[in-house]
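In what follows, a structure is listed as C-alpha cells, so that the remarks can point back to it.
Each residue takes its place number in the sequence, starting with 1. Keep in mind that the numbers below use all heavy atoms, side chains included, and drop hydrogens, waters and symmetry copies.
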Amino acid sequence: MSSSSWFAGRASAWLQPRQLLRASVAVALLTIVFKTLAWWLTGSVSLLSDALESFVNLGGAVFALAMVTIAARPADEDHPYGHHKAEYFSAGFEGILVMGASVAIVWAAALRLWHPQPLEQLSWGLLLSLISTGFNGALAWVMFRSAKVHRSMALEGDARHLLTDVWTSVGVVLGLLAAQWTGWLWLDAAVAMAVACNIFVQGAQLVWQSSQGLMDKALDADSIERIHAVLQQHAAAHEVQFDNLTTRQAGERSFVDLHMHVPEAWTVRQAAQLRSEIEAALLQAVPGLYARIELLPMGMETHSEAGDTRAVCASEI
C-alpha cells in the first residue's frame with residue numbers, strides 16, 4: 001500500500017462520526033480549562049458565560065457520542081428498522097442544554113449589570129479565549145463536512161453548537177475590547193446577555209430539528225426529485241406505473257415506499273427482476289436509501305388505498 005493511500009485511509013477513519021465526537025469531548029475539556037482560566041484572570045461575566053457554554057459542549061458531545069454508538073447497532077428483533085433515530089435524541093438533548101445555559105448566562109449577567117466590576121489582565125484572558133475559539137472553529141468545520149457525508153444529525157447538531165460557541169467567543173472578545181476602550185463596564189454584562197439570546201435561538205432550532213426527525217419527516221426536495229426521475233425513466237422504458245409514494249428520514253438512513261403496477265401478463269420473476277433493477281437505481285440516485293416496492297397488477301388498488309378513496313368520497317358527501 002502506498003503512503004498516500006495509507007494516509008487517505010487514516011483520514012477517512014478519523015472523519016467517522018464517533019471519532020469526531022471523541023475529538024469533540026477532548027476539545028471541550030481543553031476549552032473548559034482555557035475559558036475558566038480566562039474568566040478567573042479577568043473577572044469578566046461575559047467570559048464566564050463563554051466558559052459555561054463549554055460545559056454544555058462537553059455534556060452535548062458525550063451524549064451525542066452515546067447516541068451515535070446506539071444508532072450504529074444493527075437491526076434486531078425489537079428494532080427491525082434499526083436504531084438510526086437515536087441521533088435525533090442527541091440533537092434535542094443538546095438543544096435543551098444550550099437553552100438552559102442561556103438562562104444561566106442571563107442570570108449572571110443581570111447581577112453584574114447591577115454591580116459592575118473592573119476587568120483585570122484582559123490581554124491574557126482574551127488570548128486564552130481566542131485559542132479555544134480556534135480549536136472549536138476547526139473542529140466544527142471538519143464535523144460539518146463529515147455530517148453531510150454520513151447524514152448524521154448528531155454530528156451536525158454538535159457542529160452547530162461548536163459554531164455557535166465560536167460566534168459567542170468572537171462577540172465576547174469584541175465586547176470586552178469595547179468595554180476597555182470606552183470604560184463602560186456595563187458593556188461586559190450587555191454582551192453576555194446578547195450571547196445568551198443568540199445561543200437560546202440556536203438551542204431552540206436544534207430541538208425543532210430533532211422533533212421533525214422523530215416525527216418521520218419526508219426527505220428533502222432534491223432527494224424526492226431524484227427518486228421521481230428514476231421512476232419516470234423506468235416507467236417510460238417499461239409498461240409499468242408507480243403510485244402511493246411516501247418517504248421518511250431516520251438518521252443516516254432514508255426510506256421510500258411505493259407501489260409498482262405491472263401488466264397482468266407478466267410473470268412474478270419478470271416483475272421481481274425489474275423491481276430489483278429499480279431498487280439499485282434508487283440507491284445509486286440517493287445513497288443510503290432503502291426502497292420497499294410492492295408489486296401489483298395494473299389497475300389494482302390495495303385495501304388501504306381503497307379505504308382512503310372511500311373516506312374521501314364520504315367526506316365530500
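To the nearest 0.5 angstrom, R226 atom CZ is 4.0 Å from D222 atom CG. In this structure, Q273 CD and W266 CH2 are separated by 9.5 Å, a value rounded to the nearest 0.5 Å. For the atom pair F242 CZ and Q232 CD, the distance stands at 10.0 Å (nearest 0.5 Å). In this structure, F34 CZ and L127 CG are separated by 9.0 Å, a value rounded to the nearest 0.5 Å. N244 CG to M260 CE: the interatomic distance, rounded to the nearest 0.5 Å, is 14.0 Å. Here the straight-line distance linking atom CG of L289 with atom CD1 of I227 works out to 5.0 Å at 0.5 Å rounding.
Within a 6.0 Å sphere centred on CZ of F255, heavy atoms belonging to other residues, nucleotides or ligands number more than 12. With a 6.0 Å radius and a threshold of 12 heavy atoms from other residues, nucleotides or ligands, E277 has its CD atom above the threshold. For F144, the CZ atom sits in a packed shell: over 12 heavy atoms of surrounding residues, nucleotides or ligands are nearer than 6.0 Å.
Counting only distance, with no hydrogens or angles, the side chain of T69 and the backbone of L65 share a donor-acceptor pair below 3.5 Å. In this structure a side-chain-to-backbone donor-acceptor pair under 3.5 Å is missing from R275 to L295. For H261 (side chain) and P297 (main-chain N/O), a donor-acceptor pair under 3.5 Å exists by modelled atom type.
In plain terms, the two heavy atoms of E294 and H259 that are nearest each other are OE1-NE2, 3.1 Å. The two atoms that bring T31 and S132 nearest to each other are CG2-CB, 3.7 Å, heavy atoms only. L231 and I278 get closest at one heavy-atom pair: CD2-CG2, 4.0 Å. A pairwise comparison of heavy atoms in L282 and A291 identifies CD1-CB, 3.9 Å as the closest pair. For the residue pair L219 and I224, the shortest heavy atom distance occurs at O-CD1, 3.3 Å. Closest non-hydrogen pair, A281 versus V230, comes out as CB-CG1, 3.7 Å.
When hydrophobic clusters are built by joining Ile, Leu, Val, Met, Phe, Trp and Tyr residues whose side-chain heavy atoms come closer than 4.5 Å, directly or via intermediates, M298 is not grouped with L245. L283 and L258 are members of different hydrophobic clusters when ILVMFWY side chains are connected at heavy-atom separations under 4.5 Å.
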Check your understanding: V33 and L37: side chain to side chain contact (heavy atoms under 4.5 Å, CB included), yes or no, with the steps?
Key -> CA-CA 6 Å; V33 173; L37 183 58; 5.5 Å; no
Starting from the C-alpha separation in whole Å, work towards a yes-or-no answer on side chain to side chain contact (heavy atoms under 4.5 Å, CB included) for L162 and S24. CA-CA 9 Å; L162 287 176; S24 182; 4.2 Å; yes
Does T36 form a side chain to side chain contact (heavy atoms under 4.5 Å, CB included) with W40? I'd like the steps, not just the answer. CA-CA 6 Å; T36 302; W40 182 75; 5.6 Å; no
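Relative orientation of the H238 and H234 rings is parallel, given thresholds of 30° and 60° on the angle between their planes.
In this structure, the side-chain hydrogen bond (donor to acceptor under 3.5 Å, both in side chains) partners of T133, at least two apart in sequence or on a different chain, are S169.
The side-chain heavy atoms of Q270 and L274, taken from C-beta on, include no pair separated by under 4.5 Å.
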